[in-house]
K.L.:
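This is the structure I have questions about; it appears just below.
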Amino acid sequence: MQLSEQEQIRRNALQELNKLGINAYPPEEYKVNALAADISNNFHSDETLYQDVCIAGRIMSRRIMGAASFLELMDSSGRIQLYFKRDEICQGEDKTLYNIVFKRLLDIGDIIGVKGFVFITKMGEITVHVKEFTILTKSLRPLPIVKEKDGEIYDAFTDPDQRYRQRYVDLIVNEDVKDTFVKRARVIRTMRDFLNDKGYLEVETPILQSIPGGAAAKPFITHHNALNIPLYLRVANELYLKRLIVGGYDGVYEFAKDFRNEGMSRFHNPEFTQMEIYVAYKDYFWMMEMTENMIEKIATELHGTTKVQVGDNIIDFKTPFRRLSILDAIKEHTGFDVNDMNVAQLVEVCKKLEIETDSSMGVGKLIDEIFGEKCESSFIQPTFITDYPVEMSPLCKRHRDNPELTERFELMVNGKELANAYTELNDPIDQRARFEEQMELAAAGDDEAMLIDQDFLRAIEYGMPPTSGMGIGIDRLVMIMTNQSSIQEVLFFPQMRPEAVKKVTTSDDYIKLGISSEWAEYLILAGFPNIEVLKKTKPSAIEQKLNGFRKKNKLDIAPVQLEDINNWLAIIN
RNA sequence: GAUUCGUUAGCUCAGCUGGUAGAGCAUCUGCCUUUUAAGCAGAGGGUCCCGGGUUCGAGCCCCGGACGAAUCACCA
């Protein structure tokens with residue numbers, strides 16, 4: 001492994017610590033009695049507090065001024081300044097602990113624990129005056145150095161590739177990132193509390209499914225060896241939650257990781273989280289109310305207000321949200337009344353609106369296409385779009401006033417779908433017929449049409465009470481609530497292409513070829529970056545170049561002989 | 001999948017029409033006992049993403065590839 005200069009210096013420091021009898025990775029518990037943020041928050045009001053404090057964290061910056069030093073320590077709650085004074089760290093004559101251990105063997109990034117008392121410096125900063133410190137972990141890689149003054153960030157660590165691949169570094173160095181994920185947890189906790197307060201049961205259902213149902217999407221496929229069958233990672237959990245409603249629970253919900261084998265974008269990650277809920281004896285009107293109440297509560301909980309800044313927009317989650325049927329939405333945004341139109345008429349409308357169509361599209365797909373192309377993005381404020389055509393919604397009950405439509409809503413926020421809900425289809429005869437229509441669509445070339453799940457049909461043939469169900473995209477909700485424009489910012493570890501493994505020739509590779517270890521380490525530096533170059537060069541030229549390098553760098557090794565080089569090349573060839 | 005942009009020191013980034021690779025921070029060596037993007041003086045650190053090509057000469061030009069970003073396509 002080729003180490004950078006700074007990495008090598010840190011490894012050397014680790015060895016020095018060991019020589020001094022200091023374990024840089026001690027096993028014992030380190031008892032902490034305060035957090036940085038608590039000290040910063042409370043000390044001003046009562047300066048008698050924290051006079052015997054013990055905290056631990058990572059060194060984020062150091063300012064050494066001879067026999068005194070300031071450094072910044074970061075723990076899970078935030079940062080606080082530490083003050084080290086040589087003659088207090090080292091009470092006796094031996095100043096090793098300060099001069100050597102602290103000043104030379106500690107680095108930015110190391111994790112230490114300190115004991116001391118809190119005071120306020122001349123510059124007015126709350127600071128821990130350290131009387132004793134303990135090395136808890138030596139860091140062997142230099143962190144990116146980010147500085148800040150008057151709210152301005154210098155040398156920010158911003159490269160998305162590195163930030164996502166090395167999220168741990170991102171979290172250390174960019175404090176806003178930590179906050180986003182704390183907010184994500186609060187969104188989920190608020191939602192869970194809201195649902196538990198209503199008495200609904202949190203459940204878990206299979207992620208590995210033999211029939212991927214509940215949504216129109218391409219699944220990931222895997223294989224179970226013992227059963228010798230294909231299994232799919234779920235694209236949704238809808239059909240399992242409904243089975244539980246059949247089983248007699250009044251309300252069930254699940255925070256579910258779902259998996260879709262489709263394109264990636266700043267709105268799509270192959271694995272993502274949805275919360276799905278099903279409640280018996282309710283319809284989609286009831287569900288709209290529940291959904292808007294829940295989201296209003298989340299916004300208030302997180303921001304103290306229903307108004308949330310998202311990009312250039314302020315989105316107001318004050319209930320009630322606007323409600324609009326999809327046909328009215330199309331009328332409003334395109335001027336076309338597509339109610340009762342057949343396929344030919346809809347294709348005509350699409351042509352006028354410059355929307356591409358193909359022959360596999362039915363009435364429902366065409367209407368969805370028009371809405372998606374011309375309307376969806378304009379719904380910035382929360383809006384329930386309702387009453388979608390029946391053929392796009394095979395699991396949804398027909399509309400009570402119009403059998404061509406369904407009792408379905410999607411919640412649009414900031415021009416994107418956030419939630420999707422139905423009055424669930426519980427008529428087993430109709431459900432079977434709808435699955436069969438899906439099969440026809442599949443035969444016509446729709447590769448996302450749903451498969452028939454016979455066991456699900458069996459379940460609802462026993463009788464599923466009238467039920468309303470809703471699914472809400474947690475990642476997109478968190479994006480909105482934390483004002484992030486990319487899903488990668490709200491997932492700790494977004495999917496990335498595997499990191500390219502750099503094929504680098506190292507001195508070890510040369511040693512393996514029988515080249516003496518003392519020369520192997522200099523070959524790369526002397527202008528032979530890989531074996532191919534070595535092969536192409538004449539033996540005498542190699543000899544001259546290496547011995548020239550030896551002389552120039554005053555190396556304390558014997559000059560290389562032409563005979564040695566011929567031996568190397570013999571092994572290579 | 002398409003188009004555009006990017007990839008140079010540990011980090012953030014310069015690098016003109018092709019002529020021996022630069023800055024700030026970080027690192028190292030000194031000095032400095034309340035500093036705070038600490039300061040002052042000095043030093044070291046590079047397979048310019050990879051592979052070909054053109055050229056006397058390529059970080060820069062040409063071709064191919066890897067990875068990332070944005071936009072589009074796909075995507076309930």
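Note on naming: letters A, B, ... go to the chains in the order of the sequence lines (proteins, then strands), and numbering restarts at 1 for each one.
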K.L.:
When rounded to the nearest Å, what value does the distance between C1' atoms of B:G19 and B:A2 take?
P.N.:
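The same atom, C1', in both gives a distance of 39 Å.
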
K.L.:
If pairing requires Watson-Crick or G-U wobble contacts with both distances under 3.5 Å, which nucleotide is the partner of B:G68?
P.N.:
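Base partner found: B:C5.
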
K.L.:
Can a side chain N or O of A:Arg497 be found less than 4.0 Å away from OP1 or OP2 on B:G68?
P.N.:
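Yes, such a contact exists.
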
K.L.:
Between P on B:C25 and CD1 on A:Ile153, what's the gap in Å once rounded to a whole number?
P.N.:
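So the two atoms are 18 Å apart, to the nearest Å.
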
K.L.:
For residues A:Arg434 and A:Arg398, determine if any side-chain heavy atom of one lies less than 4.5 Å from a side-chain heavy atom of the other.
P.N.:
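SC-SC contact between A:Arg434 and A:Arg398 confirmed.
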
K.L.:
In the structure shown, which nucleotide is the Watson-Crick or G-U wobble counterpart of B:A76, with both distances under 3.5 Å?
P.N.:
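Check on B:A76: unpaired, no WC or wobble geometry under 3.5 Å.
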
K.L.:
Look at the side-chain N and O atoms of A:Gln162 and state whether any lies under 4.0 Å from the OP1 or OP2 oxygen of B:C11.
P.N.:
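Affirmative; the distance criterion is met.
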
K.L.:
With sugar-phosphate meaning primed atoms plus P, OP1 and OP2, does A:Gln488 contact a base, only sugar-phosphate, or nothing at under 4.0 Å between heavy atoms?
P.N.:
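Answer is sugar-phosphate: A:Gln488 comes under 4.0 Å of backbone atoms only.
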
K.L.:
Might you list the N or O atoms of the protein lying below 3.5 Å from N or O atoms in nucleotides 6-9 of chain B, with each pair's distance?
P.N.:
none

K.L.:
Rounding to an integer number of Å, can you tell me how far A:Glu152 CD sits from B:U12 P?
P.N.:
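After rounding, the reported distance stands at 18 Å.
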
K.L.:
Can you sort out the partners of A:Arg234 under salt bridge (charged side-chain N to carboxylate O under 4.0 Å, His left out), two or more places apart, ordered by chain and number?
P.N.:
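Residues passing salt bridge (charged side-chain N to carboxylate O under 4.0 Å, His left out) with A:Arg234: A:Glu254, A:Asp258.
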
K.L.:
Nucleotides 21-23 of chain B: which of its N/O atoms have a protein N/O under 3.5 Å away?
P.N.:
none

K.L.:
Could you tell me the separation between the CD atom of A:Glu373 and the C1' atom of B:C75, rounded to a whole number of Å?
P.N.:
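Rounded to the whole Å, the gap is 12 Å.
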
K.L.:
Sequence neighbours left out, what pairs pass side-chain hydrogen bond (donor to acceptor under 3.5 Å, both in side chains) with at least one residue falling in residues 82-91 of chain A?
P.N.:
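Non-adjacent pairs meeting side-chain hydrogen bond (donor to acceptor under 3.5 Å, both in side chains): A:Asp87-A:Lys95, A:Glu88-A:His129.
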
K.L.:
For B:U55 and B:C50, measure between their P atoms and round to the nearest Å.
P.N.:
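Those two atoms are separated by 23 Å.
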
K.L.:
For A:Tyr388, is the NZ or CZ atom of A:Arg408 found under 6.0 angstrom from the centre of its six-membered ring and inside 45 degrees of the ring axis?
P.N.:
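Relative to the ring axis of A:Tyr388, which defines the angle, A:Arg408 lies inside both limits.
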
K.L.:
Roughly how many Å apart are B:U36 and B:C75, using the C1' atom of each and rounding to a whole number?
P.N.:
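My reading of the C1' atoms in B:C75 and B:U36 gives 50 Å.
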
K.L.:
For the pair made of CD1 in A:Ile172 and P in B:C11, what is the distance, rounded to whole Å?
P.N.:
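Nearest whole value for this atom pair: 14 Å.
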
K.L.:
In whole Å, what is the span from the CD atom of A:Glu148 to the P atom of B:U12?
P.N.:
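Taking CD of A:Glu148 and P of B:U12, I get 18 Å after rounding.
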
K.L.:
C1' atom, B:U4 versus B:A43: distance in rounded Å?
P.N.:
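So the two C1' atoms sit 43 Å from each other.
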
K.L.:
Would A:Lys19 and A:Glu16 pass as an ion pair if we require N to O under 4.0 Å?
P.N.:
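A salt bridge is present here (some side-chain N lies under 4.0 Å from a carboxylate O).
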
K.L.:
Using the P atoms only, state how far B:A23 lies from B:A41, rounded to an integer number of Å.
P.N.:
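To the nearest whole Å, 15 Å.
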
K.L.:
Would you mind listing every salt bridge (charged side-chain N to carboxylate O under 4.0 Å, His left out) that reaches into residues 366-377 of chain A, with sequence neighbours excluded?
P.N.:
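Matches after skipping sequence neighbours: none remain.
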
K.L.:
With a 4.0 Å cutoff (strictly under), does any side-chain N or O of A:Lys149 reach OP1 or OP2 of B:A37?
P.N.:
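Checking B:A37 against A:Lys149, a side-chain N or O does come within under 4.0 Å of OP1 or OP2.
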
K.L.:
Report the relative orientation of the aromatic rings in A:Phe102 and A:Tyr98; use parallel for angles under 30°, tilted for 30 to 60°, perpendicular for over 60°.
P.N.:
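Rings of A:Phe102 and A:Tyr98: parallel, under 30°.
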
K.L.:
Specify the separation, in whole Å, of atom CZ of A:Arg163 and atom P of B:C11.
P.N.:
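The answer, rounded to whole Å, is 15 Å.
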
K.L.:
When the P atoms of B:G39 and B:G59 are compared, how many Å lie between them, rounded to an integer?
P.N.:
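Here B:G59 and B:G39 have their P atoms 35 Å from each other.
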
K.L.:
Across all strands shown, which nucleotide pairs with B:C32 by Watson-Crick or G-U wobble geometry, both distances under 3.5 Å?
P.N.:
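Paired with no nucleotide.
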
K.L.:
Please report the distance separating the C1' of B:U29 from the corresponding atom of B:U34, rounded so that it comes out in whole Å.
P.N.:
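Here B:U29 and B:U34 have their C1' atoms 26 Å from each other.
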
K.L.:
By nearest atom, which of the nucleotides B:U12, B:C75, B:G68 is closest to the A:His268 side chain?
P.N.:
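So the side chain of A:His268 is nearest to B:C75.
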
K.L.:
Side chain of A:Arg266 only, please: which of B:U71, B:G68, B:U12 is the nearest?
P.N.:
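For the A:Arg266 side chain, the nearest candidate turns out to be B:U71.
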
K.L.:
So that I can tick it off, tell me whether A:Glu407 and A:Lys397 are bridged by a salt bridge, with the cut-off set at under 4.0 angstrom between side-chain N and carboxylate O.
P.N.:
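Looking at A:Lys397 and A:Glu407, the cut-off is not met.
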
K.L.:
Check if the side chain of A:Asp155 and the base of B:G24 share a donor-acceptor pair of N or O atoms closer than 3.5 Å.
P.N.:
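For A:Asp155, whose side chain was compared with the base of B:G24, there is a donor-acceptor pair (under 3.5 Å).
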
K.L.:
When the P atoms of B:C32 and B:A37 are compared, how many Å lie between them, rounded to an integer?
P.N.:
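It comes out at 23 Å once rounded to the nearest Å.
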
K.L.:
Would you mind building the protein contact string for nucleotides 27-35 of chain B? One character per nucleotide, 5' to 3', B for base within reach (heavy atoms under 4.0 Å), S for sugar-phosphate only, - for untouched.
P.N.:
S-S--BBBB

K.L.:
Do we get A:Arg476 above A:Phe272's six-membered ring, with its NZ or CZ under 6.0 Å from the centre and within 45° of the axis?
P.N.:
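A:Arg476 over A:Phe272 ring: no.
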
K.L.:
Any non-hydrogen side-chain atom of A:Leu411 less than 4.5 Å from a side-chain atom of A:Ile295?
P.N.:
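In short, these two side chains touch, coming nearer than 4.5 Å.
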
K.L.:
For RNA chain B, whose closest nucleotide is more 5', that of A:Ser393 or that of A:Tyr154?
P.N.:
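The residue closer to the strand's 5' end, by nearest nucleotide, is A:Tyr154.
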
K.L.:
Considering only NZ, NE, NH1 and NH2 on the basic side and carboxylate oxygens on the acidic side, decide whether A:Arg163 and A:Glu489 come within less than 4.0 Å.
P.N.:
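The answer is yes: the pair qualifies as a salt bridge.
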
K.L.:
Quick one: look up who B:A23 pairs with, Watson-Crick or G-U, both distances under 3.5 Å, and put none if it's unpaired.
P.N.:
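Matched B:A23 with B:U12 under the 3.5 Å cut-off.
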
K.L.:
Go through B:G68, B:C11, B:C25 for me and flag the one nearest to the A:Met496 side chain.
P.N.:
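The answer is B:G68, which lies nearest to the side chain.
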
K.L.:
Could you tell me whether A:Phe409 contacts a base, only the sugar-phosphate backbone, or nothing, with contacts defined as non-hydrogen atoms closer than 4.0 Å?
P.N.:
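Since no nucleic acid heavy atom lies under 4.0 Å of A:Phe409, the category is nothing.
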
K.L.:
Just so I know, are the side chains of A:Val101 and A:Ile135 near enough to count as touching, which here means a heavy-atom distance under 4.5 Å?
P.N.:
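Yes, at least one pair of side-chain atoms sits under 4.5 Å.
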
K.L.:
Does the structure show a Watson-Crick or G-U wobble partner for B:G45, both distances under 3.5 Å? Name it, or say none.
P.N.:
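B:G45 is paired with nothing.
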
K.L.:
Taking the side chain as C-beta and beyond, is there a heavy-atom pair between A:His268 and A:Glu262 under 4.5 Å?
P.N.:
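Side chain of A:His268 against side chain of A:Glu262, heavy atoms only: no contact under 4.5 Å found.
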
K.L.:
I need the CD1-P distance between A:Ile355 and B:A73, as an integer number of Å.
P.N.:
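From A:Ile355 CD1 to B:A73 P: 12 Å.
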
K.L.:
Under 6.0 Å from the NZ atom of A:Lys178, do we count more than 12 heavy atoms belonging to anything else shown?
P.N.:
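Check passes, neighbour count above 12.
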
K.L.:
Rounded off to whole Å, could you give me the CG-to-P distance for the A:Asn174 and B:C11 pair?
P.N.:
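A:Asn174 atom CG is separated from B:C11 atom P by 14 Å.
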
